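What you are looking at is a predicted structure, and each value in this text was computed from that prediction instead of being measured. Chain letters run A, B, ... following the sequence lines, proteins first and then strands; every chain starts at 1.
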Amino acid sequence: MSHEPFPTDGTAVVTCGLPYANGDLHVGHLRGYVGADVFDRALRKLGQRTAYVCGSDMHGTPIAVNAAEAGVSPESFALEYHEQYRETFPKFDVEFDNYGHTDDGTNTELTREIVRELEDAGYVYEKEIMVAFDPEEGQALPDRFVEGTCPYCGARARGDECDEGCGRHLEPGEIEDPESTVTGNPAEYRERTHKFFRVSELQEYLREFIDRLEGTENAKNQPREWIEGELRDWCITRDMDWGIDYPGEAGEGEDGLVLYVWVDAPIEYIASTKQYSERAGADEYDWEDVWKDDGGEIVHVIGRDIIQHHTVFWPAMLHAAGYTEPRAVAATGFITINGKGLSTSRNRAIWAREYLDEGFHPDLLRYYLATNGGLQQDVDFSWEKFQSRVNSELVGTLGNFAYRSLLFAQRNYGGTPDCEVSEAVAGRIDEAVAAFREAVNDYSVRGVGQAALELARYGNEYIQAEEPWNLVDEDPERAEQVIRDCVQLSVALAVLFEPVAPDTAERLWEQVGADGDVHEASLGAAHDAPAAEFGEPDELVTKIEDERVAELNEKLEQRIAESASDEESADDTDDTDTDADDDTDADTDDTTDMDPEPIADDRISFDEFQALDLRVGRIETAEPIEGADKLVRLEVDIGVETRQVVAGIRQLHDVDALPGKRVVIAANLEKSELFGVESNGMLLAAGEEADLLTTHGDAPVGTKIR
RNA sequence: AGCGGGAUGGGAUAGCCAGGAGAUUCCGCCGGGCUCAUAACCCGGAGAUCGGUGGUUCAAAUCCACUUCCCGCUACCA
C-alpha cells in the first residue's frame, strides 16, 4: 500500500459495506453502494488498476432468528435476499466486478485459513464465558435468541440489548428471567469455552495504523477512543449452527462453535476479490497483489455505524494474519426522508424497487445521492428536492447544454465543425479534469460530480456569450470555432460524468459519435476528437413534473400512515448497516387492536408478591437525560424520601408536564445506573405507550400498595 | 454519561488544519434584458451578527474554554 496520490502503480480495490441479507434495499443502502461505485469508476478514469467488489452478509443471529420465524433454513432465507440484491444492483448501474456472499466456498475457506493464521501466530486463546442455554433442546442461545427482563429498567429486552427500554447493551448473563425466543422455554446460563482474538496485543500497531489511515474524519477519529484507550480482546465465536464452523484439527465445528459474523463478513472483501481475480485471470487482476505483501490500495466505503469494525477489528485481523492494511475508510452519513430518520419498520423509506417501479432513470438517483452532500454528511431525501436537482442541474444545466450544442452542430454542420478546439476551452477542460482528480484524492464523491456539472455550467455561459446563432451569418469561421468547442465540451462531459451517471454519459458519448467505450475511457479522452458527422441528439434527461412529485409524496405519506396503524411492533424488520432508524417521533403511533400478551403461566406465591414494595409517589422534577433518546431523570417524592428514578418514557410523555403527576414506584428494586445516572426505583407503566400507573383516590404519597 | 461527526442567507455547500479586505459557489426569491435550446445566459436586488456565551489577538467562521441542538458509536445486533 502506498500513500501516493491516485493513480498509483499499485492495484486498488474498492469495497462497500456488505448488505445484510434480511431485508429489502432502500435509498439508505444505495447511497453507500452508489458512492463506492462512483469512486471506483472515477479511479478507473484516472487510470488506476482497480476492482469493485462486494457480497451479501449471510450469517449472524438476526438472519437465523428471522429464518426460524419464517420457517425456512437460514441458508435459503439469506440466499433469497442475496439473489435479490444481485439482481438489483445492476439496475442502478452499481457494477461490481464480483459479487459473492459470505457463505460461499471461497469465503468459507479463506475465513478458516485466516483464523488458522491468527491461531498460528498466537493471537487466539480460549476463555470460559456465560452463555444462555435452552436446557430442553440442549441448544445454546446466543444474542437475540434470548429475551427477558432488563435488569436496569425492567423492560422486556433482547439478550444483547434492552431494545425497547433503556437502550442499554446487555452482557451475556445479565438479563433476568431469560427465555428462548425459539421455543419460549426458560433459558439458563452455562459456562462455555469461546475463542478470543488478542486485539489488545495489537494496540501499538493500531495506533500507528490509525494515524496513516485516509478517508473521512469520523472514520479516522472515532476509533481513537478504543485504540488510544483500553483495547479489549474480541470474542470471535458464537454458539450456534448458522455460520462458518470454527476450524478445528479434528472435525470442524464439532463443539458447535461458529465464527462470529464480524469475522467472516469483512473477509468477504478478500474472497470476492479473489473470485474476481480467478475469473479475470491474474494477468488482468491479481488479488494477491492487493491483499498480500503490503500490496494494494484498499479503500473501504462503509456506513458510519460500522466504523469500529473497519478501523479496529478488521485491520487487527489483517495485520495479525499478514495481509495488507486498508489505505482508506470512507464512512458515509445516513439518509433521512423528508427530514426524519429513515425507518424500515415504519415504512418511512424509499425502496430501491419502488424507485425503479416508478420508472425513474437510475442516474437521477445516483446523481442525487452522490452529490447532494459530502460523503460523510447525512443527506435528506425528498421528492421535491429530487425534482429540483434533476430539473435544474441535470436537465437545465447539463442536458440542456449538450442538447443545444449538439443540435446546433448537427443542423449547421452535420456534426463536428472542421477546426481545432480553442486554447481557452481546452484549458477549461483541463481544469475540470484537475478538479476531478483532486476530488478522487479527497475521497469526495460529491466533488467528482461537481467537476462535471461545473464544466456544463461553463459550457452554457460560453455558448451564450458567443451567440453562435448570430455568428453563423456575421462570422461563420468564428461560429464554427465556438460550436467545435461546444462539441468538445460535450465529449469531456461524457467522460467526466461517467462515474456518476454511467448510462447518461454513454448516451451522450454515442450522440457525439465518439469512438470506443466511455466506460473504459480515461480522463485523457476528454480531449478526444468527436465524429465529424453525427445525427440529431436526443434529450438526455427528462424533466420531472410537479404533479408527479405531488403524487409520489401522497403515496409515501399514505404508506407511512398505513404502516403506523397496522403496526404490530412484533415483527420489526431488522435494519442493516446504513439505516438511521428513528424511534424519536411518537407522533403517529396510535397503536390499536393490539393482541394482549398472554398471562404468565408461572404462579408466584403470596410471599413473593409481598416482597415487592410498591409506593404511591409524586413526580417532583423531570428532565431528559442527555445523550439518551428515551430516558428521563425523575425526582419522585415517596413520602419517606425523594427518590431519583430513571424511566424510559421520554418519547411517550411530555417531560415538562410530568411534575406533579401521581405515580406508582417499585421502591425496593435494586439500584442501577443508566447513562451514568443512578436509578433508585422503578416507575410503573403499562404497555408500549408507557401509560403511567396511578391511584384513583387520594392515597397520600408514600402509601404502600398491596 | 464518554467518544466521534455535524451546525455557515429559504435549501445545499466552500472556507476552518497553516487567523487578515464587503464570507464562496449553486439552487430558490424579486425586478429588468436576451432567445439557438428541455428556457439557458446577462444585469440589478432582497436575504447570514458563520448554533450560543466567554476568552486569546491589532484582527476570529477560522485558535482556546464552556455551552445548545441533530446524528452515530460505546466492544456479544449486523
Open item on the list: For G5(B) and N221(A) - does any side-chain N or O of the residue sit under 4.0 Å from the phosphate oxygens OP1/OP2?
Closed with: yes
- [ ] Considering just the side-chain nitrogens and oxygens of Y458(A), establish if one lies under 4.0 Å of OP1 or OP2 belonging to C41(B).
- [x]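 Looking at the OP1 and OP2 atoms of C41(B), neither is under 4.0 Å from any side-chain N or O of Y458(A).
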Task: Pairing residues for E230(A) by the salt bridge (Lys or Arg N to Asp or Glu O under 4.0 Å) criterion, not counting sequence neighbours - done: none
Using a 4.0 Å heavy-atom cut-off across all strands, classify [X] as base, sugar-phosphate, or nothing.
X	answer
I63(A)	nothing
V312(A)	nothing
L231(A)	base
R457(A)	sugar-phosphate
V261(A)	sugar-phosphate
E230(A)	base

TODO: For RNA chain B, determine which residues of residues 460-474 of chain A have any heavy atom closer than 4.0 angstrom to one of its atoms, and list them numerically.
DONE: N460(A), E461(A), Q464(A), W469(A)
Output one line per pair: protein atom, nucleotide atom from nucleotides 11-13 of chain B, and distance, for all N/O pairs under 3.5 Å.
from, atom 1, to, atom 2, distance (Å)
A12(B), O2', N372(A), O, 3.3
U13(B), O2', R446(A), NH1, 3.4

Task: Side-chain donor/acceptor of R224(A) to base of C3(B), under 3.5 Å - done: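 No pair found.
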Task: Pair of N/O donor and acceptor under 3.5 Å linking A75(B) base with W234(A) side chain - done: no
Task: Q450(A), R389(A), R446(A) screened by side chain to side chain donor-acceptor pair (under 3.5 Å) with T371(A), the one that passes - done: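 Checked Q450(A), R389(A), R446(A) against T371(A); only one passes side chain to side chain donor-acceptor pair (under 3.5 Å): R389(A).
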Open item on the list: I'd like to check, for W226(A), whether its ring lies over the base of A75(B) with centroids under 5.5 Å apart and a plane angle smaller than 30°.
Closed with: yes
Task: Basic-acidic side-chain contact under 4.0 Å: D239(A), R190(A) - done: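 No.
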- [ ] Can you tell me the distance, in whole Å, between the CG atom of L394(A) and the P atom of C26(B)?
- [x]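 Taking atom P of C26(B) as the reference, CG of L394(A) is at 17 Å.
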Task: 5'-most by nearest nucleotide on RNA chain B - E539(A) or H194(A) - done: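 Upstream on the strand: E539(A).
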TODO: Classify the side-chain pair E128(A)/T193(A) by whether it contains a donor and acceptor separated by less than 3.5 Å.
DONE: yes
Open item on the list: Closest approach to the side chain of S392(A), judged atom by atom: which nucleotide of G28(B), A75(B), A78(B) is it?
Closed with: G28(B)
Task: Contacts of P223(A) that satisfy side-chain contact (heavy atoms from CB on, under 4.5 Å) - sequence neighbours left out - done: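 I210(A), I227(A), I307(A), T311(A), V312(A).
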Open item on the list: Once side chain to side chain donor-acceptor pair (under 3.5 Å) is applied, do any residues pair with S405(A), and if so which ones, sequence neighbours excluded?
Closed with: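 With neighbours one apart ignored, the set is empty.
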- [ ] State the dot-bracket string of RNA chain B. Criteria: Watson-Crick or G-U wobble, both atom distances under 3.5 angstrom; notation: ( ) intrastrand, [ ] crossing earlier pairs, | interstrand, . unpaired.
- [x] ((((((((.[[[..)....(....]]].(((((.......))))).....[[[[[..)....]]]]])))))))....
